[in-house]
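In listed order, ligands and their atoms are each counted from 1.
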Amino acid sequence: MSNRSLVSIDDISRDELLDLLEHARYFEEHPNHKVLDGKVVATLFFEPSTRTRLSFETAVNRLGGRVIGFSDPAATSTSKGETLKDTIKMVSNYVDLIIMRHYLEGAARYATEVSDTPVINAGDGANQHPSQTMLDLYSIYKTQGRLNDLNITMVGDLKYGRTVHSLLMAMRYFNPTFHFVACPELAMPQEYKDFCDANGIKYVEHTDFSPEVINAADILYMTRVQRERFQDLMEYERVKNLYTLHNDMLVDSKPNLRVLHPLPRVNEIDRDVDDNPKAYYFEQARNGLFARQAIICRALGIDILKQESEKK
Ligand code: CP
């Protein structure tokens, strides 16, 4: 890649992943480090978002930069028929970095092809969500003290869930064992199982969300069944509530287990789990701020840790 875009988690090497985690840790300790003076960042959200957009915008603000953008494409010239190519070319005239979410798979990659401005993919359809993966890895590292040799159970919408796709790919460096819990309609796509096979990643598929699966897990990664991805809403109605985690299901789980969820949740985690110390999804979302500060700095070629060590 000619610039520091982040389109797929596959664009980042193991060393870069670990370096981003080190930077995230630095930003957790020093969130208001003003290194983006004079920089303008665009957040272009063609799909709804709460956490991703607001944490990216908070990250820019805390780093001392400025944000322009939109969260409702209906209020832009997209609604008049302007193409994605033209929108990206226009916006890249104004800013130093584009952060975009789009409903089409491959939209962020396309944006990198029509503009020299770095692009961060904030989610493209059912494909990838690499900044979510960085905060997931940071959350796993913080709660488990390591990334290696973990038993990770992914539950729910594994077909359309871009967060599980990105996380699965990133974990290839760390010898995980995956358990995929999903109904046949929402099973992990074959291409990701092929990726596991090609990378020597162990996985087991389940349709039953059994106590054995829960009690063996280090990480229980719950996901929402995404209504917006279904062509057939009758099928959504059939599968939407198949897997719900309740507090009493965690009684015999491992002491180090943490429950993660990219959020938003609907019914897949009962509210009675929220006060369990093993529930980590709100802290996970908080970690997004620090991971995204690290990603923004990488995209703009700013290495805070190097700068700090040179001061000494
Ligand atoms: N996890 C996540 O992408 O949340 P939002 O859709 O609210 O950004």
Legend entry - Polar side chain donor-acceptor pair, Thr244 to Glu268, under 3.5 angstrom: no

Inset, instruction - Return a yes/no value for Ser49: is any of its N or O atoms, backbone included, closer than 3.5 angstrom to an N or O of ligand 1? - result: yes

Legend entry - Residue Thr50 vicinity, atoms of ligand 1 by number, heavy atom under 4.0 Å: 5 (P), 7 (O), 8 (O)

Legend entry - Option from Arg101, His165, Arg162 for which side-chain hydrogen bond (donor to acceptor under 3.5 Å, both in side chains) with His129 holds: Arg101

Legend entry - Within-cut-off N or O pair, Pro264 and ligand 1, under 3.5 Å: no

Inset, instruction - For residues His261 and Arg224, determine if any side-chain heavy atom of one lies less than 4.5 Å from a side-chain heavy atom of the other. - result: yes

Legend entry - Test item: Leu260 and Met222 side chains (from C-beta on) under 4.5 Å apart, heavy atoms: no

Inset, instruction - Return yes if a side-chain donor-acceptor contact under 3.5 Å exists between Gln307 and Asp303, otherwise no. - result: no

Inset, instruction - Would you kindly specify which portion of Leu263 sits under 4.0 Å from ligand 1, judged on non-hydrogen atoms: side chain, backbone, both or neither? - result: backbone

Legend entry - Proximal ligand 1 atoms for Gln132, defined as those under 4.0 Å from one of its heavy atoms: 1 (N), 2 (C)

Legend entry - Sub-4.0 Å heavy-atom contact, Glu47 with ligand 1: no

Inset, instruction - Around atom 1 (N) of ligand 1, find the nearest protein heavy atom and jot down its residue, atom name and distance. - result: Pro262 O, 2.8 Å

Legend entry - Sidechain N-carboxylate O distance under 4.0 Å for Glu113, Arg109: no

Legend entry - Protein heavy-atom partner closest to atom 6 (O) of ligand 1 - residue, atom, separation in Å: Arg101 NH1, 2.9 Å

